[in-house]
Amino acid sequence: MTIMLYDLAGADGRRFSSNCWRIQFALAHKGLPYETVPTRFTDIASIGDGSHKTIPVIEDKGQHICDSWIISNYLEDTYPNTPSLFGEGGAQGPGRSYSQFLQRWGMRAISFPLLNVIIKDIYDRLDPADQPYFRESREARFGETLEQMVGDREKKVEGFRAGLSPLHTCLDDQPFLSGAAPLYPDYVVAAALLWPRTMTRLKLLGGDDPLSAWLGRMLSLFDCLAGKQPKEWDGV
Ligand SMILES: N[C@@H](CCC(=O)N[C@@H](CS)C(=O)NCC(=O)O)C(=O)O
């Protein structure tokens, strides 16, 4: 049966959520048939019984499952005969906690710092129906206007790039963060970088950055699943 993925969509339907991209990669990695449902922030309340506050949400076997980490574990447990996201031992092996560590690290080292750089670009590329909600909710949460949040962003980008050095050293020695082939940790980091690639013209990776070559490999996976998406960056 086809799994439905409620996937955050901006103006022109572009899919930009790193939380949702993790799940698209996970579904493709497992070779599970799925369809995405383009979903705006203001549509989330109409999913299923209306109890979900965030996406991704998947609908499978008559149930709705929310939260990217819970969904990934659900897919791993429910479809054990498909390629594992976590490597040897699947959800019972050591790769599971390594993957969770990478997901948490990715939030703090990549996604949180990036928010202060690209939040206004995100706003600009949202469906007009979502813009008032996004501005009001984020300004209330952070206590600043979107414009104030992105102040001095060139300097913030320098700090952000420096924070990526653990990834560089890893990719000096191997093609993927997980070794010879990609696993969940690669999907977490790629998803985090697809977010700015889809939503801002500010180029965050240099052309000679080893991460650019790796991102190119990630974009070509699964018949260019992510590579075919609309983007704002030149090159990768
Ligand atoms: N921990 C959650 C976070 C999901 C999340 O924050 N999703 C955002 C979109 S990327 C969302 O749905 N936000 C709803 C809102 O701000 O109203 C996960 O990993 O799935």
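Note that ligands are numbered from 1 as they come in the structure, with each ligand's atoms numbered from 1 the same way. Computed from a predicted structure; not experimentally measured. One is the number of the first residue; the rest follow in order along the sequence.
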Hey, can you tell me if Phe222 and Tyr187 have their rings parallel, tilted or perpendicular (30° and 60° cut-offs)? tilted
So Tyr79 and Tyr74, would you call those rings parallel, tilted or perpendicular, with 30° and 60° as cut-offs? perpendicular
Verdict with supporting geometry, Gln24 and Tyr34, side chain to side chain donor-acceptor pair (under 3.5 Å): CA-CA 9 Å; Gln24 278 227 55; Tyr34 74 95; 2.5 Å; yes
Report all protein residues having a heavy-atom distance below 4.0 Å to some atom of ligand 1; order the list by chain, then number. Leu8, Ser17, Asn19, Arg22, Phe41, Ile44, Lys53, Thr54, Ile55, Pro56, Asp67, Ser68, Tyr133, Arg138
Do NZ/NE/NH1/NH2 and the carboxylate oxygens of Lys30 and Glu76 come within less than 4.0 Å? yes
Could you verify whether a donor N or O on one side chain and an acceptor N or O on the other, from Arg15 and Thr36, lie under 3.5 Å apart? yes
May I ask you to say whether Asp127 pairs ionically with Arg40, meaning some side-chain N is under 4.0 Å from a carboxylate O? yes
